[in-house]
There are 2 protein chains.
Amino acid sequence: MTKVDRRIKRTQRLLGDSLIALMLEKGYENVTIKDITEHADVAYVTFFRHYKDKDELLTARLNELITELAERINELAQAEIGEAAIQIAFEHARDNQQLYRVLFSSPGTVRVREELKTIYAERLIQTCAPRAPEGSVIPFEIAANHIAAATFELIHWWLKHDMPYSTQKMGRIYLELVERATWQALQITETEPYSES
Amino acid sequence: MTKVDRRIKRTQRLLGDSLIALMLEKGYENVTIKDITEHADVAYVTFFRHYKDKDELLTARLNELITELAERINELAQAEIGEAAIQIAFEHARDNQQLYRVLFSSPGTVRVREELKTIYAERLIQTCAPRAPEGSVIPFEIAANHIAAATFELIHWWLKHDMPYSTQKMGRIYLELVERATWQALQITETEPYSES
DNA sequence: AAATTATGACACATCGTATATCATAACTCT
DNA sequence: AGAGTTATGATATACGATGTGTCATAATTT
């Protein structure tokens, strides 16, 4: 294990912090490398000595946050899925509002979001699939993906509309619209008759 | 109703077709305006006489695609084939597979996707909101957004996994997981007791 | 046939990305 | 503490993409 040069750590930290700060300020796409290096008070050329492009810096800088979020998701999936857990998620989104906003709205972060969604869905499959009913019309993989996507979407909608409802209310909505609705849909088997409401 | 100049229609068609062709070839982000105009055999400046940027062209072209989809649904509905509208959507996705894939996976198309989702949600609000029950726990705006997002997500999942189920099966899944599930969740009112499954 | 207008060709400005070189300062290692 | 190593800053430069302006010409409309 080779020791990392102090200057390298310093530069990379400055660049990473600057990207985050500028993203919150003007959005990922609108941040230029020149912006980053100026904000970090580092020579323009230095950027390319560390990263190939903006995406590489974002990924590197976001890795720790992804881990934190993954842990949070892990908690949520492992916990007996209930009101408390999902409310914590909304609270977390509210507390890290700006960052969540950027992550949801910046095109450049799509890959990261997809990754998170997949991780969430896979955890759901591992923890909940055994309890799912046999012979459902809906493959559990689809249901898990649906839940993961719908959850993110709900948080996204909430932030996009400036949090018009309380975290309690959103937790309730999540329970009914996403969790309970999906679970009930899973109960439907091939042989079960389909009747209109 | 003013008549549209033939040259305008010709140019816009050429530009739109070129963008689609190049997207499928190298991905949306990697297509330059110069690429488009060269492929269309049109002067570079002409692009800006019609569109502000790439996004605007893509949106315009996708609107045509949606119109086409809507027409197909109308035709088949009139022909009384008894095929659910959603199934036609899955068939449309299958037939225009490459385009849908690019649309779903290219980071650059996020804004356009968001726009499409909003349009879909708003349409749902206009057409279905009057029939929604009073005093639901779930605001109809959220339900509409949920349906729109979940529908896109379902198609996305299906294409991403190389269409492992038939369009009939996917239509059924959509009906249960998205439409029926959401509608039933909307029935829940504040006063209604909440019981665990 | 005349008026209108979309287009092509060319020039040009601006901006962001990316690389090369070299002196200097900061750091590591012994 | 000193010698060797290496990251950085400054500068120059090339390149590609976006975007605007002008004017003659060709296509279209009325």
Length of the line joining B:Asp55:CG and D:dG19:P, which is rounded to integer Å: 11 Å
Value in whole Å for how far the C1' atom of C:dA18 lies from NZ of A:Lys52: 12 Å
Contact check, side chains of B:Val31 and B:Lys26, non-hydrogen atoms, under 4.5 Å: yes
Between P of D:dT8 and CG of A:Leu14, the distance in whole Å: 10 Å
Pairing residues for A:Ser18 by the side chain to side chain contact (heavy atoms under 4.5 Å, CB included) criterion, not counting sequence neighbours: A:Ile36, A:His39, A:Ala40
Cationic tip of A:Lys160 above A:Phe104 ring, under 6.0 Å, 45° of axis: no
Atom-pair distance (OH on A:Tyr51; C1' on C:dT17), nearest Å: 18 Å
Integer-rounded Å distance: D:dA17 P and B:Ile36 CD1: 12 Å
Spacing between B:Glu38 atom CD and D:dA17 atom C1', to the nearest angstrom: 12 Å
Any A:Arg6 side-chain N or O less than 4.0 Å from OP1/OP2 of C:dT28: yes
Cluster link B:Tyr100 to B:Leu154, ILVMFWY, side chain under 4.5 Å: yes
Per-nucleotide protein contact string for nucleotides 5-15 of chain C (B base, S sugar-phosphate only, - none; heavy atom under 4.0 Å): BBBBBB-----
Interatomic distance where CZ belongs to B:Phe47 and P belongs to D:dT20 [whole Å]: 12 Å
Separation of atom CZ in B:Phe48 from atom P in D:dA17, rounded to whole Å: 12 Å
With A:Tyr174, the side-chain hydrogen bond (donor to acceptor under 3.5 Å, both in side chains) member among A:Gln87, A:Lys169, A:Glu179, A:Arg180: A:Glu179
Please set out all donor-acceptor pairs under 3.5 angstrom arising from side-chain atoms of residues 132-146 of chain B, sequence neighbours excluded.
residue  : atom : partner  : partner atom : Å
B:Ser136 : OG   : B:Ile138 : N            : 3.1
B:Ser136 : OG   : B:Ile138 : O            : 3.4
B:Ser136 : OG   : B:Leu186 : O            : 2.9
B:Ser136 : OG   : B:Ile188 : O            : 3.4
B:Glu141 : OE2  : A:His161 : NE2          : 3.4
B:Asn145 : ND2  : A:Glu153 : OE2          : 2.8

